[in-house]
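Working notes, beginning with the structure itself.
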Amino acid sequence: MKTKMTEMFGLAAPIFAFSHCRDVVVEATRAGGMGVLGTTRISPDELEIELKWIDSHTNGLPYALDLALPTKMGAVSPMIDRAAVLPPEHIRFVDELLEQAGIPPLPQAERDRLAQTTPGYRLTAQGGMELIEIALRHKQVRLVVGALGVPPPEMIALLHANGVKVGGLAGNERHARRLVAAGVDIVIAQGMEAGAHTGNITSMVLWPQIVDAVAPVPVLAAGGIGRGRQLAAALALGAEGAWCGSIWLGTRESELSAEMKERLFAASSEDAVQRSIRTGKQCRMLKSRFTEAWGAPGAPAPLPMPLQSMLVAEALARIEHVHAKDFMTYYVGQIVGDMKEETSTRNVFHDMLLEFAETTERLAQQLND
Ligand SMILES: Cc1cc2nc3c(=O)[nH]c(=O)nc-3n(C[C@H](O)[C@H](O)[C@H](O)COP(=O)(O)O)c2cc1C
């Protein structure tokens with residue numbers, strides 16, 4: 001395939017694979033696309049380990065990093081005592097919910113480990129910059145993408161000075177224009193069917209709007225792409241490639257437990273709901289007893305960023321720890337309804353490209369007939 005994206009990075013296919021799991025990043029990169037490692041959950045030391053490992057398994061091929069840098073964010077320091085900043089009624093609500101469900105507290109060692117970093121610190125400009133400094137030591141990192149806002153000017157300048165391309169996620173035209181004005185090289189137009197933080201505009205409407213708004217800056221289409229017909233639609237609507245997140249969750253390389261994968265494979269597209277209960281900002285995630293408890297009478301309203309992440313981080317760890325399947329949730333988009341069994345990252349690439357080729361042939365025939 002040949003698009004502005006394959007040309008920019010020397011890829012065989014313009015498929016970008018966002019994942020928090022290094023195995024997916026490696027497999028996607030080796031399959032001819034570009035793996036993108038999400039960094040919101042890791043420290044600089046952990047990032048160094050991850051990048052070393054990715055470098056040693058990708059034979060000089062380019063890959064990318066993703067940082068979430070929200071424009072609107074409360075003050076965060078690397079270590080915060082949650083009891084000092086969280087409203088007691090919110091802490092009580094979560095504790096009672098889990099207690100009633102018979103989900104016990106975490107072992108002390110696990111709680112101590114969680115308390116070592118403030119969820120949300122990596123989402124600050126300072127926390128992000130510490131990661132960039134590590135990333136710049138790894139020459140295969142050819143692209144850094146920022147989500148939830150515009151990356152700070154000094155970050156964009158530093159990356160460009162090191163020959164690294166910069167991208168940004170946008171959920172509407174206004175965000176996209178702001179990113180381009182700040183100097184990004186690529187805009188990722190993410191429709192509301194996507195997993196994790198999303199806006200309110202569907203991919204079908206959003207992609208061509210952003211393509212037109214930022215031309216000639218290239219656009220990657222995100223939100224609801226898991227197969228070749230959707231990749232063909234993305235290119236037909238003017239995108240230069242696809243940026244996918246949810247589809248990799250069902251692969252054998254993904255970070256998910258067997259129970260969580262089972263829940264995803266049983267889910268329909270309607271089970272991927274938009275809630276603010278994980279970070280305080282609207283995210284699409286798998287519906288569960290935990291996500292729905294916040295809609296019950298008497299439940300408190302979610303807190304603003306980063307307080308909500310601080311509030312629920314331990315609760316989600318407790319749920320995982322005892323494999324409380326009904327309470328488990330994970331970010332996932334509407335494409336979950338098409339994910340029925342475990343596959344591999346390489347297979348997703350293979351099937352997507354095959355269906356893409358069949359689709360374009362069918363369309364060419366329809367034009368000739
Ligand atoms: C489990 C998961 C975690 C995500 N975390 C992030 C993140 O940390 N930063 C980010 O920019 N996007 C994140 N996203 C969104 C992806 O980058 C991507 O835009 C989205 O998954 C595309 O839509 P799709 O889920 O329909 O493929 C996440 C998506 C999923 C499914």
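All ligand and atom numbering here is 1-based and tracks the order in the structure. It should be emphasised that the depicted structure is a prediction, and the values quoted were computed from it without experimental measurement.
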Across all chains, not counting sequence neighbours, the side chain to side chain contact (heavy atoms under 4.5 Å, CB included) partners of Glu270 are Ser268
Rounded to the nearest 0.5 angstrom, the NZ-CZ distance for Lys52 and Arg137 is 9.0 Å
(message) In terms of relative ring orientation, are Trp294 and Phe93 parallel, tilted or perpendicular, with 30° and 60° separating the classes?
(response) perpendicular
Those residues at least two apart in sequence (or on a different chain) that pass side chain to side chain contact (heavy atoms under 4.5 Å, CB included) with Met192 are Thr202, Gln274, Arg284
* Asked: More than 12 heavy atoms of other residues, nucleotides or ligands under 6.0 Å from NE2 of His160: is that the case?
  -> yes
Which pairs of nitrogen or oxygen atoms, taken one from ligand 1 and one from the protein, are under 3.5 angstrom apart?
residue: ligand 1; atom: 5 (N); partner: His20; partner atom: NE2; Å: 3.2
residue: ligand 1; atom: 8 (O); partner: His20; partner atom: NE2; Å: 3.4
residue: ligand 1; atom: 9 (N); partner: Asp66; partner atom: OD1; Å: 2.9
residue: ligand 1; atom: 11 (O); partner: Asp66; partner atom: OD1; Å: 3.0
residue: ligand 1; atom: 11 (O); partner: Asp66; partner atom: OD2; Å: 2.9
residue: ligand 1; atom: 17 (O); partner: Trp243; partner atom: NE1; Å: 2.9
residue: ligand 1; atom: 19 (O); partner: Gln190; partner atom: NE2; Å: 2.8
residue: ligand 1; atom: 19 (O); partner: Trp243; partner atom: NE1; Å: 3.2
residue: ligand 1; atom: 21 (O); partner: Gly245; partner atom: N; Å: 3.4
residue: ligand 1; atom: 23 (O); partner: Gly223; partner atom: N; Å: 3.3
residue: ligand 1; atom: 25 (O); partner: Gly195; partner atom: N; Å: 3.0
residue: ligand 1; atom: 25 (O); partner: Ser246; partner atom: N; Å: 3.1
residue: ligand 1; atom: 25 (O); partner: Ser246; partner atom: OG; Å: 2.5
residue: ligand 1; atom: 26 (O); partner: Gly224; partner atom: N; Å: 2.7
residue: ligand 1; atom: 27 (O); partner: Gly245; partner atom: N; Å: 2.8
residue: ligand 1; atom: 27 (O); partner: Ser246; partner atom: N; Å: 3.3

Residue set satisfying side chain to side chain contact (heavy atoms under 4.5 Å, CB included) with Ala242, at least two apart, ordered chain then number -> Ile225, Leu231, Cys244
